[in-house]
Protein chains: 2
Amino acid sequence: MTASASAPDPAWLPDEAFRALGSRRVLVHGSGTPADTVYEEVTAACAAFGGEAYRVADPGPDRPYDLLLRTRPERMTELGAEGFVVERRDDRTTVTAGAPHGLLHGFFHVVRLGPAAFAGDLTAETHRPALALRMLDHWDNVSVHPVMGQVERGYAGGSLFWRDGVARGSRGELDRVRAHGRLLAASGINAVAVNNVNVHAEEARLLTDRIGEVAGLADALRPYGIRTHLSVTFAAPVVLGGLPTADPLDEAVRAWWAAATGRVYAAIPDFGGFVVKADSEGQPGPFAYGRTHADGANLLADALAPYGGTVHWRAFVYDHRQDWRDRSTDRARAAYDHFTPLDGAFRANAVLQVKHGPMDFQVREPVSPVIGAMPDTRIAVELQATQEYTGQQRHVCALAPMWSEVLRFRPEGETGASVGELARGGLVAVSNAGDDPYWTGHPLAQANLYTVGRLGWRPDADPFRVLDEWIELTFTPGRTPDPERLRAGLRAVVYGSWRTYEKYTAPLGVGFMVQPGHHYGPSVDGYEYSPWGTYHFADRDGVGVDRSRATGTGYAAQYAKPWSELYESPDTCPDELLLFFHHVPYGHVLHSGKTVIQHIYDTHFEGVEEVEEALRVWASLAGLVEPGRHARVAERYEEQLRSAREWRDHVNSYFLRKSGVPDARGRRIY
Amino acid sequence: MTASASAPDPAWLPDEAFRALGSRRVLVHGSGTPADTVYEEVTAACAAFGGEAYRVADPGPDRPYDLLLRTRPERMTELGAEGFVVERRDDRTTVTAGAPHGLLHGFFHVVRLGPAAFAGDLTAETHRPALALRMLDHWDNVSVHPVMGQVERGYAGGSLFWRDGVARGSRGELDRVRAHGRLLAASGINAVAVNNVNVHAEEARLLTDRIGEVAGLADALRPYGIRTHLSVTFAAPVVLGGLPTADPLDEAVRAWWAAATGRVYAAIPDFGGFVVKADSEGQPGPFAYGRTHADGANLLADALAPYGGTVHWRAFVYDHRQDWRDRSTDRARAAYDHFTPLDGAFRANAVLQVKHGPMDFQVREPVSPVIGAMPDTRIAVELQATQEYTGQQRHVCALAPMWSEVLRFRPEGETGASVGELARGGLVAVSNAGDDPYWTGHPLAQANLYTVGRLGWRPDADPFRVLDEWIELTFTPGRTPDPERLRAGLRAVVYGSWRTYEKYTAPLGVGFMVQPGHHYGPSVDGYEYSPWGTYHFADRDGVGVDRSRATGTGYAAQYAKPWSELYESPDTCPDELLLFFHHVPYGHVLHSGKTVIQHIYDTHFEGVEEVEEALRVWASLAGLVEPGRHARVAERYEEQLRSAREWRDHVNSYFLRKSGVPDARGRRIY
């Protein structure tokens, strides 16, 4: 299990994480693909750490195993395919699953527990995923796109799945795909979409004559319980099938999809389904035929239904050719306006995949009002692990606390369901992984990749405990000379990193203010006069977007009470969302007691100071972190600090020039 | 001579332009390449229009020719290689040149005269080019550059010289190269640089093992008297020669350049010389070795001297990694600061190629102070025919009036020499031509291509007469049903187009305010917080850059009197350059009597109105202009109008939001 020099970083599965388990006598009971994988894992761990691995048909109660990993089909109803029970008594730890997939998750649970899995008694604890689907969407292009590169919004090298225009297929390359699946399984992910939602000509053909390449990837991912999904173009019947139309109500179109889907399942029997971005940012969709998005989604759902597949239909539909002069159009309203009238019209195996906020993965957005407004539709919540707007893996920005806020948000107030409960279609994240040796470019960005599956498994989990889990696995502080200093240092640089990033970038929920196109670095007016619908309306008197019902775009009224009322007034709107919902004077006093302008100045100075401090803390961990990883992070901190200072000075100068209000503390603004 | 359907647009050499000459009896006397070309031209013209072409060794005075084109070597001293005399008496027009190149220019002079060349008597008129070198620099890459495309800052399709990574070489392709040379010769151009000044790896090798490709292009251009130049990388001895250094004082480096240059001349005996962009925007240069630009230029000059070649050394050297927070650094100062200390240090065959303004081809800049400040250096003035910052050939922007202002500017005031006189190294323009059927994308942009050579020939020419000349040749109004309406219409859309463009873009000389990267369309703050040194410092009180000696960057002091004094004070600074030299309050009253803010509003509304009017005028010319050309221009006007409105609204909104000053006329600002 020792990594070679050229092997990728072990991330949260270093050899050390298997010590406790690998030094024991372990029995694996169960058959089928993921159970076989569990046995392989156990065997490797025991070989590394001196334990003993066994596999028998019926272990019997009295044999002297320290750990028993077993499937009990009769408990399938109770535990589901992925659930398991863990308990310990009489010096034996037992994991009981209803099915092999549950055994795999139980195995990784024991890995996470480490030595604690073998100390004292453990009362029986049942674990079942709250959300059945925990999915990673790779925005990977088969070939390098001239503008978007190989991985759209990717900051971690090339694609793990595709190279030079074809699927990775050689042994060594598939090892890496398999290793990726292994990491994902250990984090709780059970589904992957292997290509970009923007489906270009070449990628369209993956659905048909190139499905064999997808099957090869599916074979590499299957041992870790990951089902493969494919992004497809809605225009496929025309561009691939030669039909004159892609009209979802056309019989020939329906027949084409049925036949194409049948061929997909012939190649990949456990294929997960399709992902579709339709009528969005230039992608084709049902609007061209005067049909609804439900018509479009149901077309594919019907094709998939016989095989148990699901269509993920993205709700990211808005006018990206907006006129900035027209203040009545509000991009934030778009998904709600488009989709809520269709509630109840989608098939049971059609999932509406909704971005967590109404805009586009900004550092701070309100929760999308769509999520609480479609009770008769299966909603999946989409997160963005890849840090498009949050520092592009050159900045540390651990998103767990933000995602957790989203998942714990209750659209109907305290007595209603949480987003995590409403997301019956699952939790989906845009992948931040690539063929970079550290998987995610920035080694600390691995935390975001790790978090998705864990929150999908338990959306109400404490995000800081999830981060602790990741820290323990990845950095194995217990094996270093100074565990507490390492833990404290890692928490110091990771826990608050999202809020730090928020401080030095766009203030108070107003969003954007990034450089157009690549979205890295500040440009306060970068999208202010653009067709993308992303404005802040700053003038010499104030800033922010009036989205109230009374005087603005009416977006606030898309929420149920109490949120519609809270958001409606600047007096009750939470500070951190104030400029998302209201245009206020620079002198407006926040609940914090500060004026808006002073808040802007203060947070921007603080944000940079926090990066400076994080950089110092990181430097102090030099002896406690693997040198290559330490150096990579240290190097990225230099860039983060440079960039944070640029953000601070650009934003502060912009608002000083515009408002004319000096900083109350007289600090240098240019 | 009739063009086929797929042939490129004839531009200013339509068949019709040859009617007067082609219907006469014409005798060509003279031998050698360009004289042969003249005979071919005459033959073709006479074949088309019923005239008779003759070529004899000695025409004798009494034969019945209508036009005599002759070389008289004994008049070489008086006329130079390119000069000629034209006269007409006793019903015979005679062009007398000292050399074949002069004969070619005399021939095109007769073409320009049209019927007037054969009407009544003409007193002998001597024509000699004011500037010996009139050059077009093609920023063409051999292959398509991933960011910059094939023609850097090109808006007219692919390269005329290169395709798919190699020089165009087949017969049909070289026909187009030759046709390009013919158009250029007819406009007065006599030199072409065939590749981009940003020399990438592939292009570097044109100097050595790929010189044969350049020779093929030179062969196609030579018949029209065009000498070929090559952009080279200063690092060539390292990247091509394998030497450890490119230090200009290193003997091995000098020997390498001498040998390389010798091989170039073996392939192209009339090779023109090298063009070098060194220590500029990332290109390598002598600074790396602690040497001066004179050391660098002289290295190449010495290598070229034995063959009569010239090095064009670009003065576009500045810090493109500037910190916007540092207001003491001024990009406008850079060329002067770098180069004037080197006056007198350059070899006789080294030409310092200076952009006409201190920044980068903005719609309005002062004249570069370098031009008047280096009396002991051969200066070439560089213009930009390609409309990088002036509408990218989607907007009509005839630059002749602007270029003429530059060339007639007198750096030492009324009694001193003009820029046209000081440009002893020649006039150079960045090409706007490509393999587009209309050569320049926008058919009316052909005017800019035409103007360069004509102004090089006569820098004090009236720019509107040059535009008239272009109109007469290109549109042959005399052959249409309504010549005066066509002339008036074309003048209406062309003459004032530069000032119209200025009105709706960046105001009062402040420059930039374009979208970063591609430079098309407005972004007032696009470069405001960037490292490129292109700022306007607009705040809620005022706008502009203080470049005075007293309180600013001191740039104004780089001029001689009277300009240093005029520019120093906002009271005497010309309105159109006010914001280039001064930061003033929005209420500052211009010499025009308007405040700065009202000037901004008014010009932006006017500019759009002028485009609307131009579009109407153009539409009215439908029956008088060749339909394909008319349609292409009409289509571009739609985009120009859309873009002009975007400029108007973006700029006006920006300044209204910032200044809070309402438009005195109450027009709609967003």
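Just so you know, these numbers come straight off a predicted model, no measurement behind them. First the proteins, then the strands, lettered A, B, ... as listed; each starts at 1.
With sequence neighbours left out, B/Arg163 forms a side-chain contact (heavy atoms from CB on, under 4.5 Å) with B/Arg168, B/Glu173. When the side-chain contact (heavy atoms from CB on, under 4.5 Å) test is applied to B/Glu613, the partners found at least two apart in sequence or on another chain are B/Arg616, B/Val617.
To the nearest 0.5 Å, atoms CD (A/Glu646) and CZ (B/Arg325) are separated by 4.5 Å. The distance from the CG atom of A/Asp539 to the CZ atom of B/Arg540 is 9.5 Å, given to the nearest 0.5 Å.
Contacts of residues 525-534 of chain A with chain B at a heavy-atom distance below 4.5 Å involve A/Asp525, A/Glu528, A/Tyr529, listed in sequence order. Scanning residues 650-670 of chain A against chain B with a 4.5 Å non-hydrogen threshold yields A/His650, A/Ser653, A/Tyr654, A/Arg657, A/Lys658, A/Ser659, A/Gly660, A/Tyr670, sorted by number.
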